[in-house]
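Data first, discussion second: the structure below is written as structure tokens.
Note on naming: letters A, B, ... go to the chains in the order of the sequence lines (proteins, then strands), and numbering restarts at 1 for each one.
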Amino acid sequence: MIHSLFLINSSGDIFLEKHWKSVVSRSVCDYFFEAQERATEAENVPPVIPTPHHYLLSVYRHKIFFVAVIQTEVPPLFVIEFLHRVVDTFQDYFGVCSEPVIKDNVVVVYEVLEEMLDNGFPLATESNILKELIKPPTILRTVVNTITGSTNVGDQLPTGQLSVVPWRRTGVKYTNNEAYFDVIEEIDAIIDKSGSTITAEIQGVIDACVKLTGMPDLTLSFMNPRLLDDVSFHPCVRFKRWESERILSFIPPDGNFRLLSYHVSAQNLVAIPVYVKHSISFRDSSALGRFEITVGPKQTMGKTIEGVLVSSQMPKGVLNMSLTPSQGTHTFDPVTKMLSWDVGKINPQKLPSLKGTMSLQAGAPKPDENPTVNLQFKIQQLAISGLKVNRLDMYGEKYKPFKGIKYMTKAGKFQVRT
Amino acid sequence: MTDSKYFTTTKKGEIFELKAELNSDKKEKKKEAVKKVIASMTVGKDVSALFPDVVNCMQTDNLELKKLVYLYLMNYAKSQPDMAIMAVNTFVKDCEDPNPLIRALAVRTMGCIRVDKITEYLCEPLRKCLKDEDPYVRKTAAVCVAKLHDINAQLVEDQGFLDTLKDLISDSNPMVVANAVAALSEIAESHPSSDLLDLNPQSINKLLTALNECTEWGQIFILDCLANYTPKDDREAQSICERVTPRLSHANSAVVLSAVKVLMKFMEMLSKDLDYYGTLLKKLAPPLVTLLSAEPELQYVALRNINLIVQKRPEILKHEMKVFFVKYNDPIYVKLEKLDIMIRLASQANIAQVLAELKEYATEVDVDFVRKAVRAIGRCAIKVEQSAERCVSTLLDLIQTKVNYVVQEAIVVIKDIFRKYPNKYESVIATLCENLDSLDEPEARAAMIWIVGEYAERIDNADELLESFLEGFHDESTQVQLQLLTAIVKLFLKKPTETQELVQQVLSLATQDSDNPDLRDRGYIYWRLLSTDPVAAKEVVLAEKPLISEETDLIEPTLLDELICYIGTLASVYHKPPSAFVEGGRGVVHKSLPPRTASSESTESPETAPAGAPPGEQPDVIPTQGDLLGDLLNLDLGPPVSGPPLATSSVQMGAVDLLGGGLDSLIGGTNFAAPPTAAAPASLGAPIGSGLSDLFDLTSGVGSLSGSYVAPKAVWLPAMKAKGLEISGTFTRQVGAISMDLQLTNKALQVMTDFAIQFNRNSFGLAPAAPLQVHAPLSPNQTVEISLPLNTVGSVMKMEPLNNLQAVSSRLQSSNVFTIAKRNVEAQDMLYQSLRLTNGIWVLAELRIQPGNPNLTLSLKCRAPEVSQHVYQAYETILKN
């Protein structure tokens, strides 16, 4: 199982280590540093690195490498999945997950890690339960603790861990009972030069924030459940009911959680809400290139596209760009060659565009590769797959909860080739 | 007010200060001090000197302080074992605490203190905790057994904890079950032989029930454990599959992949006609696709596994090509894996899309990725014949970009395309030649030289081109040198008049000025061929080359089947069986897929033959030399069984002389090897050529050469050792002519051709009297029988002849006549033997052998003299046979 964990920052310092079995010397990380050196970018460090006596499995998030050391044959996905869970937990506890924050809260971090694994076996990874065991630091609590001498550590048995619904603690009480569900869809797409879709898929999630007293039993039904043929559920969802009736029936965890995630694959037709018109040309002879890009709405079901951000990694040969946007602001970093254009809202009557010239390295041949344009955007009140919640019912408790459902579509990895 | 202040104190008297604070009366100060100690510990500072002071803080009601002290203890107890004893009492007391949280914490921490002295005290509290009323304590204790086992395995066994742990598998609480399974699996890993997890339908049922209710991590352990079970029939397999399928919808990707492993393995047992089989196939695709939308690290592991799944069951993902398209900001390790799978999934239906993508990738920035993309185009051309034309034109477009590494890769793959479709795309040669100067990588240069040599007759200035390479001959890599040598010889054979000088030059460079043995050997061969028999040279050098196969990088089926059993593990990431890399190979048990059975035949043995392979023809009668052969081949042929039936034996009177004087010399060495394609000197990309050259060094015993008795065929070369070629055979002698009867079976994926055989020198001078003739290529799963006539005019290698006695006694032993003693009396060898008849009559025998005399003297002693006549007959039969 998981032997040890090292946290390494981007400059290669180990700033935290935790061992769940015998202590493994830091020098094992030298193999990791070697791999890090070989990889040009931090993202490209391979996630599984063999060393003579151990295996190093790592994830890279928030500019920190989380490196787990294992000694025997352990499912690597289990380790990687766990590491991501560690990062999520830190984020949940401290708001952000960064080196200074972890250092600021090192004792809590250490206690949390100790609760998450025992001898390398996962112990408590649900943040609900962890928070019962070790209370996350808040300014108020820190002040109170210093004055009264009380501590972050709860002295309760994590009751949830033993019940049939391990994800929910008992005796939850709220004065305002509310349940909110956010349907968030991300479109991953690759659009080719001519504007036709090469591949497009939707990754959707339903995130919930449920603050209900007692042991409520919820059912959520959809107008068009047929869309959901590839789903992953939170353990609370009763799979049988879903199989037979296509209804989500569950006793929710308390607080924030991800109820389900789903995937609408490339085979179903995915609506693409934006289009990009581009003309980027380098000429062999001159040291100037032309650049023009326009963004417009396509299938948006009448909703506004906002938060549009266009970015593109320009070829090395581009020295500088002089561009004028019709709206928004743009920047070009001559060192990283990163062009980014913050467009904002798209007004269908007046399409935003960015025009101008690129100065190229004189005398050098024209770049071989064409830049790929990365697009980010948001559409409120729309789930692009067409998924709609029909109704939400609650059983098991008497009060009337306040219910709310929000939809949002975002760009995931949305790439336009030029 | 943050903890970061603990990082900044680097004052000299720090330890002293902490010591004072730890011994302070104020609780608050104590806690702060322990916190500081812990912080120093986490950043790797040595604070072990504070051990007694910290341990003093242990007896407290403050839970946080207790936990902190426990943390400290776990880290430093090892370095201060004597001090650690001080903590034992508190632990034992805490294990009795009314609060289950504290009980669990105590037993958990005790297990982490890796000090022998402490573990003794741990046993009693642990035993109590394993039977605790609170499941939280039980599940913690289950893990503690694994910890203890790691420290002192013997202790755990002696105390009977393993049995208690096994009982926990039937616990009412699913979490306890999951932890018990996890602990047992970990213990079992260091005890490969023990059957700690002996699974039976009842325990499986319990695991499946717990599976639905335990945590995600517990599900992983249970699923991995289920995967080791072999259902007794297809019905059981199906019912397990049905109960595992819901796990495919789990949010945790490790659960999903473990479920996939169970399904992939048990599917093997289901009949393909079953409706359920089709349903299951359909259900597998979406979760695999979903794994690809996870974080890149997860994607990578998933992709490595999908690579295996696609090879085993391509039908699962054949419609999902698009999800493997590469995004430009994927990490490079994900890109390369996706590309690999794209090629595996390429088919006539989707080739246009794939090619368009590949062309797009070839213009990206990352060099490694671009290279692989170009190579992928070539592989598509070879795999999907209809697309070859389009691939070639795509490659030509890429060559026009003049990007150096793109051009080089393109040329390497075009060479492969020429090998697959000869005489079809020569029109592109001119374009290739234009880029000759820009090639600086050995592989590309070698490829280009091969092309020039192969098509020398159509390239006007082939001699100039090759000559230009020759100038820096000694600076080239071996690969290029060999290629250049061959190409020039080809050129010479095609255009002898103009190139004589060139060929002489290269031959002398290769043979005289080079110290590379391969190059010299090849040079000499060509030289002799050219000087003695130019016609033969032409036949050899310009021989028609076998077409290269479609898939050159498929994993061997037996290995693939094994790897399927390891889906989701490190083995699946490295595509190697765990025995190949897991530290020390401990705990490695070979796994194989269960055979497809419709009946309820029990197939519990993990060694059952992989499905699909035809049942091996295990000879049930092993000839007298069989055991010897077995020894030499390191084959486990089983114990010798009784000889041929007695009734058939009386006819073979003519073989007496062979017995006495000749037997020893018959048992000698016959080495042979069958390297296909070795004749093609330019074994460029020959997919199987290299495979068989190191085949085997088989010294086979020669079977009886008597008139009608022919030893049954024995497997001389198992398919495992020779990339799929299985050879079994025997020697026969008919009408005075010796021949070797061979049976060749192709158990690989590719067609095998160009068989050849070579005998090592042996004591009888056995040599083939005619070349080995296998006319048709041997397609997969085909078997061919060949009889190869032999003569005895080959060169004789003197071998130590086998001892006469040994030969006779081993021969007799195989017929259940056992030698008790041997002695040498007056230059005569005496063998004392015993045999027992099935009705309980014992016979003692003395066998006298005189060197040089073919006759043996046999004296018998027996309580029932009437059997002796028959025993004489039996001896005669056995020995003459």
Check your understanding: Tell me, do A/Ile80 and B/Glu295 make a side-chain contact under 4.5 Å, heavy atoms counted?
Key -> no
inquiry  = Could you check whether any side-chain N or O of B/Lys35 sits under 3.5 Å from a backbone N or O of A/Val107, counting only pairs where one atom can act as donor and the other as acceptor?
reply    = no
Looking only at A/Lys18, A/Gln313, A/Glu115, the option with the highest number of non-hydrogen pairs under 4.5 Å against chain B is A/Glu115
Counting heavy-atom pairs under 4.5 Å with chain A, the top scorer among B/Val289, B/Val301, B/Leu257, B/Asn252 is B/Asn252
Within the side chain of A/Asn44, is there an N or O that forms a donor-acceptor pair under 3.5 Å with the backbone of B/Ile332? yes
Under 4.5 Å to a heavy atom of chain A? For B/Leu298 that would be both
To the nearest 0.5 Å, atom CZ of A/Phe78 lies from atom CH2 of B/Trp217 at 6.5 Å
The reported gap from CD in B/Glu360 to NZ in A/Lys193 (rounded to nearest 0.5 angstrom) is 4.0 Å
Taking C-beta and beyond as the side chain, do A/Ile70 and B/Leu570 meet within less than 4.5 Å on heavy atoms? yes
Turns out that what part of B/Val143 lies under 4.5 Å from chain A's heavy atoms comes down to both
Applying side chain to side chain contact (heavy atoms under 4.5 Å, CB included) to B/Phe221 and A/Met1, what does each step give before you reach the verdict? CA-CA 11 Å; B/Phe221 299 135; A/Met1 295 293 124; 3.7 Å; yes
Measure the shortest side-chain to side-chain distance between A/Glu114 and B/Leu71 over non-hydrogen atoms and say whether it is less than 4.5 angstrom.
yes
Donor-acceptor side-chain pairing of B/Asn329 and A/Gln415 below 3.5 angstrom: yes
The interface call for B/Val370 against chain A, heavy-atom contacts under 4.5 Å, is neither
If one checks every heavy atom of A/Leu83 against chain B at 4.5 Å, the contacting part turns out to be neither
Distance col, row B/Glu357:CD vs A/Asp192:CG, nearest 0.5 angstrom, shows 8.5 Å
Turns out that what part of A/Lys240 lies under 4.5 Å from chain B's heavy atoms comes down to neither
In this structure, CD of B/Glu364 is separated from CZ of A/Arg417 (nearest 0.5 Å) by 7.5 Å
Residue from A/Asn374, A/Ile190, A/Leu260 scoring the most non-hydrogen pairs under 4.5 Å with chain B is A/Asn374
Run the numbers on B/Glu297 and A/Val48 for side chain to side chain contact (heavy atoms under 4.5 Å, CB included), then give the verdict. CA-CA 9 Å; B/Glu297 298 92 0; A/Val48 184; over 6 Å; no
